[in-house]
Number of protein chains: 2
Amino acid sequence: MTTAAITKSNSSLSSVISKNAFPVVSNEAGWRCHGNLWSNLREVCELLRIPTPAASADEEVLFQHVRYKAGQRVHTIGQDFDTLYIVNSGFLKTVLIDEYGNEQVLSFPMKGDLLGIDGIHNQHHASEAVALSDCDIILMPYKTFSALGRTYAELEQAMFSVMSRELVREQIMIGMLSALSAEAKVARFLTTLGERFSQLGYSGKSFNLRMTRHEIGSYLGLTLETVSRTLSAFNEMGMISVDQRQIALLDVPALKTLRRLPPAKARIKVSEKVSALVGKNLLPQWGKEVAVALN
Amino acid sequence: MTTAAITKSNSSLSSVISKNAFPVVSNEAGWRCHGNLWSNLREVCELLRIPTPAASADEEVLFQHVRYKAGQRVHTIGQDFDTLYIVNSGFLKTVLIDEYGNEQVLSFPMKGDLLGIDGIHNQHHASEAVALSDCDIILMPYKTFSALGRTYAELEQAMFSVMSRELVREQIMIGMLSALSAEAKVARFLTTLGERFSQLGYSGKSFNLRMTRHEIGSYLGLTLETVSRTLSAFNEMGMISVDQRQIALLDVPALKTLRRLPPAKARIKVSEKVSALVGKNLLPQWGKEVAVALN
DNA sequence: CGTTTGCTTGATGAGATTCAACACTTGTGG
DNA sequence: CCACAAGTGTTGAATCTCATCAAGCAAACG
C-alpha cells in the first residue's frame, strides 16, 4: 500500500498519495499539502467511530479532503460510483428524485457519517447528496477502501458494521414513517437530531436547524405546513422554543414519549402540569408528561 | 479453508463441514448428508445472484440447510448474531416490535434473499424473521462468511454489493411510504411482488399472497381495512382480480402509473376505456390508463 | 360444531393536506 | 439606496383521505 496512485491536488476526484511523495505538514486536523488537507487512516477511523487497525500505525495512505459550498452536490443520481465520502464537517441532505421531479429527502448526514454506499450496487449512485452548509468531506476511493479491507481484517469487519448500522437506521425510519402520527414524527425528529448533536460534542438541547420546513416535511412524509403547525404547537405547550430555525428542547422526555397530541382544547402548558397526577402504571394514550386533561 | 469446523447434523446452529469428512450424495439441489441438505459455495452464489469466485471450483466448504415450518422464527430481536441466512425456498416476513408490542413489517423475503444483515452491527439482531410458509434456509456462519470474503476478493465485493442493494431497496421503500397515497402503495406492492415472482421463474401476473391483509397494511403503513378496500376497488375497476389471497394482475401499466384513485362516481371499468382519448403529452393527475372522466 | 382467524363492507370522524393570504428575510439590479 | 423578486415561514379555512368502530360472513381448526 505504499505505492498508491499519486494525484495532483487540483483533480476533483483525487485519491491517495504516499506521505513520502510530498512535503507534508502535520496539524491537529490532518496534513496540509499543496494547499489541500489530507487525513490518514487513523483519523478516518476515529471519524467513523470504528476501531483503528492496530497494525496501521505505519500506514502511509492519505485521504484527500474536498470542500463543498452550501447547495453544491457531492454526488448526483446516476453518476458513476467510484468513491465513498466521509463527512468531516458541515451538514447535508441525501435525496431521491421521483418520476415527477419531486425531491424525497432520505437523511441528513453530518460529521462522521458515510455517504455514497448506495452506489456500490451496480456502480451508479441511486441518490443525490447536497450540502446544506459549507462542508469538508474526505474522499475514500472505493478501490482503496477495498484494498484496505483486504489488508486489515478488523477494518473490513468495521465497514460491514457501518453498513449494517445504516441499514438498521433505515429500518427504524420505515417503522417510524408508517406507524407514528405527525406530532410524534416531528418530536422524534427533534430528539434524535439533538442526540446526534450531543454525540458530536455540541449542545443537544439548543441547536440550529439547517434545513427548511419543506425538507423536514419531505423527510418525515408530511407537508411543510404540518411541520410548521406542529412546531408552533410544541412551542405553545412549552415543550420546545422555536425562533425561525433556532430550536431549544425544553422537555425531552415528553417529546420522546409523545405519540399523539391531545385535542387542542385540553392542552395546557407544561409549566402548569402537576407531575404527581401522572400515572406511571398504564400505557398512556398520550406522552406521559405532555398534557393533563382538564377535569 | 479445507479444515473448517465439523458439526454434527443435529446441531441447530451448525455450520461447515469438509466434503471429505462424510459420505455425501450429490443431486441437483445440493448434497444430502445424514438426512440434511448441504450446499456448496457455487450454489449459494447463484442463489444470491452474485458471480461465483473462479478459484472456488475446488472449494470444499458446505453450508447446511435448515427447514422452518410456517410460523417459526429464524431469528428474534435481541438474539445474539452469529450467522447469516439465505432463503432457498419459502416465504417470510421480517418485523420490528415497537415499545407497545406492535409488529411493524419491514420486508417479505423470499428465495435468494439474505437475512440477518441487521445483526452485524453490535452483534445482536435488531429485527425478527418469521416464516410465512414452510421454508428451506441456508445457514452461513458469519465467521465463514468473513473468511471467504478474505479469500476471494470478488466475493467480498459481491457481499458489499448485496448489502448496498438492500440499502437502496429500503431507501425506495422510505420514498414510497412518505410520498404515495394508499392506492398507489397497494398498486406498487402488487407490481413489485409480481416482478419478484417472475424473476424467480414463477408467474408475475398470477400469484398467491402469502401474508394477511394486516401484514400488508403494516408493511405499507395502512390499516388492513384500507388494504382490503383498495384491493376491492382495483378488482371492481378490472385492474386486478382478487379471490381471497389469489391475485391476478390484469393491467400492470395502470397499476404502475397509478398515483391517486379518481372519485368513485367517475370510475369506469378498464374494459370500457377508450385508449385513444388518453393524452400522452402531459403528466396525468391519475394513472395514465386508470380511468377516463365522464364528460 | 362452536370458536377463532381472516376478510369485507358501511358509517363516522379525526388528522393531515390543500388552497390561500400574509409577514419576514435575503439577494438583486437599477 | 430602494424597489422588487424569490424564498421561507406562519396561520386560517375548506376539503379529503384514511383510521376507527362496528357488524357480518367465510374459511380454518381443534
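Predicted model, so just to flag it, every value in this text is computed and none were measured. Every chain is numbered from 1, with letters handed out A, B, ... down the list of sequences. Basis for what follows: all heavy atoms, side chains included, without hydrogens, waters or symmetry-related copies.
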Visitor: Residues from residues 220-229 of chain A sitting under 4.0 Å of DNA chain D, heavy atoms only?
Guide: A/L224, A/E225, A/S228, A/R229
Visitor: Side-chain N or O of A/R245 versus OP1/OP2 of D/dG9: is the shortest distance under 4.0 Å?
Guide: yes
Visitor: Report for the helix from C/dC1-D/dG30 to C/dG30-D/dC1: angle between first-end and last-end helix axes, five pairs each, rounded to 10 degrees.
Guide: 40°
Visitor: Give the rounded distance in Å between these two atoms: CG of B/L209 and C1' of C/dC7.
Guide: 12 Å
Visitor: Could you state the CZ-P distance from A/R210 to D/dT8, rounded to the nearest angstrom?
Guide: 16 Å
Visitor: Side-chain N or O of B/T212 versus OP1/OP2 of C/dT5: is the shortest distance under 4.0 Å?
Guide: no
Visitor: Does any pair with a residue in residues 203-230 of chain B pass salt bridge (charged side-chain N to carboxylate O under 4.0 Å, His left out), and if so which ones, sequence neighbours excluded?
Guide: B/K93-B/E215
Visitor: B/Q246 and B/S206: side-chain donor and acceptor closer than 3.5 Å?
Guide: yes
Visitor: Any idea which heavy atoms bring B/I77 and B/A126 closest together, and the distance?
Guide: CG1-O, 3.7 Å
Visitor: Would you mind telling me which of D/dC18, C/dT8, C/dA16 lies closest to the side-chain atoms of B/S232?
Guide: C/dT8
Visitor: Tell me the interatomic distance from A/R213, atom CZ, to C/dT25, atom C1', rounded to whole angstroms.
Guide: 13 Å
Visitor: Taking for each residue the nucleotide of DNA chain C with the nearest heavy atom, is it A/A182 or A/Q244 whose nucleotide lies nearer the 5' end?
Guide: A/A182
Visitor: Charged N to carboxylate O below 4.0 Å: is that the case for A/R196 and A/D113?
Guide: yes
Visitor: Just checking, any donor-acceptor pair under 3.5 angstrom between side chains of B/E103 and B/S218?
Guide: no
Visitor: Backbone N or O of B/N88 within a donor-acceptor pair of the B/D136 side chain at under 3.5 Å?
Guide: no
Visitor: Any chance you could measure B/L106, atom CG, to B/D118, atom CG, to the nearest 0.5 Å?
Guide: 8.5 Å
Visitor: Between A/E99 and B/K256, does any side-chain N to carboxylate O distance fall below 4.0 Å?
Guide: no
Visitor: Given atom CG of B/N235 and atom P of C/dT9, what is their separation to the nearest angstrom?
Guide: 9 Å
Visitor: Quickly work out the A/E215 CD to D/dG7 P distance and round it to whole Å.
Guide: 13 Å
Visitor: Please report the distance, rounded to the nearest Å, between CD1 in A/I216 and P in D/dT8.
Guide: 12 Å
Visitor: Rounded to the nearest angstrom, tell me the gap between atom NE2 in A/H214 and atom P in C/dA16.
Guide: 19 Å
Visitor: Atom CG of A/D243 and atom C1' of C/dC24: how far apart are they, to the nearest Å?
Guide: 12 Å
Visitor: Do the ring centers of A/Y219 and A/F108 come within less than 6.0 Å of each other?
Guide: yes
